[in-house]
J.: 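Below: one structure in structure tokens.
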Amino acid sequence: MKIAIAGAGAMGSRFGVKLQNAGNEVTLIDNWADHVQAIQQNGLTITQNGHDTVVPMTAAAPQDVTTHFDLIILFTKAMQMDQMLQDLSAQLRQHPMILVLANGIGNVETIERYVPQENIVAGTTVWSSSLTGPGHITITGTGSIALQAMVPDQFPDFKRLLTTLNDAGLHASPADDVLAAIWKKAGLNSVLNTYCTLFDCNIAQFGALPNWRALTAAVLNEFQAVASAANVHFDAQADTELIAAQFAPDVNGDHYPSMHQDMAHRRPTEIDFLNGYVARLGQALHVPAPTNALLTQLIHSQEALRGIP
Ligand code: NAD
């Protein structure tokens with residue numbers, strides 16, 4: 001399959017290598033010039049368990065891409081997706097399959113502004129990766145994907161897509177209710193990412209706070225009320241237990257969530273697609289979500305204090 005990874009940072013590069021190793025023709029598309037140049041000149045370097053592997057790969061800036069693709073996997077951050085879709089308008093006119101696995105709620109709405117709903121597959125993934133420098137990722141562990149076509153009975157290639165992902169060892173399985181899965185992951189991220197960033201702590205330190213359940217309930221009870229008004233399944237109690245399961249050091253306790261890393265490296269956060277999305281949707285549906293609105297403002301204030309655009 002001819003596959004474009006649109007946004008070939010930490011996750012996109014990891015997925016790109018696995019798909020290329022399985023025999024697909026993969027192009028990494030990214031607008032970070034140093035990253036693209038490093039891959040073009042030296043290949044992509046992957047560090048795993050202290051060992052480096054270098055994989056020759058095709059990389060290009062969006063404006064330099066002329067190929068047409070069977071599948072475009074969008075792997076920018078949520079707030080970068082709109083621009084990426086605009087930059088790939090020529091490729092989108094060929095009606096490729098679009099797969100989005102990025103975090104946050106609202107990515108499908110962004111994509112639907114450019115792509116017919118029946119060409120979109122959305123999902124969540126627990127694979128992980130870090131972009132260590134231009135042309136260099138560091139990876140650990142393994143992962144999986146749960147995905148669903150937005151219009152299942154009008155997406156005949158779903159089995160082919162699943163086979164392509166699984167042949168690459170990406171452990172993909174169909175989701176029955178992908179919106180519920182997206183909200184579930186966003187609920188977890190809206191607690192752990194946001195509080196760990198505000199408190200400058202890791203996940204175990206958050207879990208050791210005597211009031212972590214009250215802090216969590218303040219976010220997730222609003223998620224549940226807004227989800228209910230939007231006809232999306234969300235279970236605050238189940239999400240709370242999922243969060244509690246992350247605290248052990250051998251699970252995710254030692255981990256600083258990606259928003260913490262974004263803030264530390266002076267990069268914009270995905271807050272508007274996590275707590276911010278629920279605050280906005282709550283306002284539109286007349287369901288108050290003041291805690292999520294305040295947390296969104298607190299993160300934006302921290303971004304402003306650090307000079308993050
Ligand atoms: P990243 O910042 O490492 O990668 C995004 C890439 O997109 C960057 O290389 C950037 O240069 C590129 N980009 C952005 N806008 C662009 C544009 N208009 N044109 C071309 N290139 C553009 O991010 P990531 O960590 O790979 O995360 C991607 C998504 O996956 C996010 O939603 C994140 O929350 C989610 N996610 C990440 C992890 C992880 O472990 N990193 C795990 C699960 C989910």
Side-chain angles (χ1 to χ4, degrees), residues 4-18 27-39 44 46 48 57 59-65 72-92 99-108 110-111 114 122-147 170-171 181-182 184-186 188-190 192-194 197 203 246 252 255-275 277 308-309:
I5 307 285
M11 293 293 281
S13 294
R14 184 168 196 181
F15 273 56
V17 171
K18 288 183 85 67
T27 303
L28 301 178
I29 302 176
D30 206 283
N31 67 359
W32 182 18
D34 290 350
H35 183 51
V36 169
Q37 195 183 14
I39 297 169
L44 180 74
I46 302 135
Q48 187 170 24
M57 296 204 69
Q63 64 273 16
D64 297 332
V65 177
I72 298 180
I73 304 181
L74 289 166
F75 247 140
T76 65
K77 294 273 175 53
M79 63 283 183
Q80 301 164 331
M81 209 160 281
D82 195 282
Q83 184 62 51
M84 175 59 96
L85 288 157
Q86 287 181 41
D87 293 345
L88 291 183
S89 54
Q91 278 70 34
L92 296 181
L99 172 62
V100 59
L101 301 170
N103 280 339
I105 319 174
N107 292 318
V108 172
T110 305
I111 300 166
Y114 301 93
T124 57
T125 180
V126 292
W127 286 96
S128 66
S129 179
S130 299
L131 191 57
T132 335
H136 188 180
I137 58 169
T138 299
I139 60 173
T140 52
T142 177
S144 61
I145 304 169
L147 73 169
L170 285 163
H171 306 150
I182 288 170
K184 186 175 184 178
K185 190 158 190 224
L188 177 141
N189 288 332
S190 296
L192 293 179
N193 283 26
T194 305
T197 303
I203 289 172
Q246 311 304 311
N252 271 322
H255 181 67
Y256 286 83
S258 60
M259 188 182 290
H260 185 284
Q261 295 173 36
D262 286 338
M263 194 68 85
H265 291 101
R266 291 191 155 75
R267 296 187 295 244
T269 71
E270 292 182 300
I271 190 74
D272 286 333
F273 294 83
L274 295 169
N275 311 74
Y277 183 94
I308 299 169

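Note that the coordinates shown come from a computational prediction; the quantities given were computed from them, not determined experimentally. Heavy-atom basis, side chains included; hydrogens, waters and symmetry copies ignored. Indexing begins at 1, ligand by ligand and atom by atom, following the structure's order.
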J.: Output yes when a side-chain donor or acceptor of H136 lies under 3.5 Å from a complementary backbone atom of A38, and no otherwise.
T.: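 Side chain of H136 to backbone of A38: no pair is present.
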J.: Could you find the nearest protein heavy atom to atom 4 (O) of ligand 1 and give me its residue, atom name and distance?
T.: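 Atom 4 (O) of ligand 1 sits closest to the protein heavy atom G9 CA, 3.3 Å.
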J.: For atom 37 (C) of ligand 1, find the nearest protein heavy atom and state the residue, atom name and distance (0.1 Å precision).
T.: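 Result for atom 37 (C) of ligand 1: M11 CG, 3.4 Å.
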J.: For ligand 1, does V126 get within less than 4.0 Å through its side chain, its backbone, both, or neither, judged by non-hydrogen atoms?
T.: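 The answer is neither; V126 stays 4.0 Å or more away.
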J.: Should you measure from each heavy atom of D87, which atoms of ligand 1 turn up under 4.0 Å away?
T.: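 Those of ligand 1 that fall under 4.0 Å from D87 are 18 (N).
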J.: If I apply the N/O under 3.5 Å rule, does I29 come out as touching ligand 1?
T.: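 No - when backbone and side-chain N and O of I29 are compared with those of ligand 1, no distance drops under 3.5 Å.
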J.: What protein heavy atom sits nearest atom 15 (N) of ligand 1, and how far off is it?
T.: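 Scanning the protein heavy atoms, the shortest distance from atom 15 (N) of ligand 1 goes to Q80 CB, 3.5 Å.
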J.: I'd like to know if the side chain of T138 reaches the main chain of T132, judged simply by a donor and an acceptor atom lying under 3.5 Å from each other, with no hydrogens or angles considered.
T.: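 No.
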J.: Taking the side chain as C-beta and beyond, is there a heavy-atom pair between I145 and F15 under 4.5 Å?
T.: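 Yes; the side chains approach each other to less than 4.5 Å.
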J.: Please work out whether the ring planes of W32 and H35 are parallel, tilted or perpendicular, with thresholds of 30° and 60°.
T.: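 Because their plane-to-plane angle is under 30°, the rings of W32 and H35 count as parallel.
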J.: Among all protein heavy atoms in this structure, tell me which lies nearest to atom 25 (O) of ligand 1, with the distance rounded to 0.1 Å.
T.: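 Here the nearest protein heavy atom works out to A10 CB, 3.7 Å.
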J.: Which residue holds the protein heavy atom closest to atom 28 (C) of ligand 1, what is that atom called, and what is the gap in Å?
T.: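 For this ligand atom, the closest protein heavy atom is F75 O, 3.5 Å.
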J.: So is P62 in contact with ligand 1, going by heavy-atom distances below 4.0 Å?
T.: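 In this structure, P62 qualifies as a contact of ligand 1 - some heavy atom is under 4.0 Å.
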J.: Between K185 and T125 (side chain of the first, backbone of the second, donor and acceptor by atom type, cut-off under 3.5 Å), is there such a pair?
T.: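 Here the side-chain-to-backbone pair exists.
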J.: Pick one: which of T269, L188, N189 meets side chain to side chain contact (heavy atoms under 4.5 Å, CB included) with L274?
T.: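 That would be N189.
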J.: How far is atom 12 (C) of ligand 1 from the closest protein heavy atom, and which atom is that?
T.: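 The protein heavy atom lying closest is D30 OD2, 3.2 Å.
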J.: For atom 31 (C) of ligand 1, find the nearest protein heavy atom and state the residue, atom name and distance (0.1 Å precision).
T.: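 Of every protein heavy atom, E270 OE2, 3.3 Å lies nearest to atom 31 (C) of ligand 1.
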J.: Heavy-atom distances under 4.0 Å decide this one: backbone, side chain, both or neither, for R267 against ligand 1?
T.: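 Neither part.
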J.: Could you tell me whether some N/O pair between N103 and ligand 1 is separated by less than 3.5 angstrom?
T.: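 N103 vs ligand 1: N/O contact under 3.5 Å present.
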J.: Please check: side-chain N/O of W127 versus main-chain N/O of L170, any donor-acceptor pairing under 3.5 Å?
T.: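 Side chain of W127 to backbone of L170: a pair is present.
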J.: Taking both backbone and side-chain atoms of S128, is any N or O found less than 3.5 Å from an N or O belonging to ligand 1?
T.: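 Such a contact does not occur with ligand 1.
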J.: Please check: side-chain N/O of E270 versus main-chain N/O of M259, any donor-acceptor pairing under 3.5 Å?
T.: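 Between the backbone of M259 and the side chain of E270 there is no qualifying donor-acceptor contact (under 3.5 Å).
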J.: Do N275 side-chain atoms and S190 backbone N/O form a donor-acceptor pair below 3.5 Å?
T.: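 Confirmed, N275 side chain pairs with S190 backbone.
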J.: Which bit of K185 is near ligand 1, meaning a heavy atom under 4.0 Å away: side chain, backbone, both or neither?
T.: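 Answer for K185: side chain.
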J.: Below 3.5 angstrom, do we get any N/O pair linking N31 and ligand 1?
T.: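 Yes: some nitrogen or oxygen of N31 is under 3.5 Å from one in ligand 1.
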J.: Suppose I only count heavy atoms of K77 and a 4.0 Å limit; which atoms of ligand 1 are within that range?
T.: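 Those atoms are 2 (O), 23 (O), 27 (O), 31 (C).
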J.: I'd like to know if the side chain of Q246 and the backbone of N252 have a donor-acceptor N/O pair within less than 3.5 Å.
T.: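 No.
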J.: Quick one: nearest non-hydrogen protein atom to atom 42 (C) of ligand 1, plus distance?
T.: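 Closest protein heavy atom to atom 42 (C) of ligand 1: W127 O, 3.3 Å.
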J.: Suppose we screen for salt bridge (Lys or Arg N to Asp or Glu O under 4.0 Å). Which residues come up paired with D34, at least two apart in sequence or across chains?
T.: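 Not a single residue meets the salt bridge (Lys or Arg N to Asp or Glu O under 4.0 Å) criterion with D34.
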J.: Evaluate L101 for polar contact with ligand 1, using N/O atom pairs at a separation under 3.5 Å.
T.: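 It does not: no N or O of L101 is found under 3.5 Å from an N or O of ligand 1.
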J.: Holding to ring-ring contact (aromatic ring centres under 6.0 Å, His included), I want the full list of residues that pass it with H255, two or more places apart in sequence or in another chain.
T.: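 For H255, no residue satisfies ring-ring contact (aromatic ring centres under 6.0 Å, His included) once neighbours in sequence are set aside.
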J.: Using a 3.5 Å cut-off on N or O atoms only, is S258 in polar contact with ligand 1?
T.: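 Looking only at distances, the answer is no, because the N/O contact criterion of under 3.5 Å is not met.
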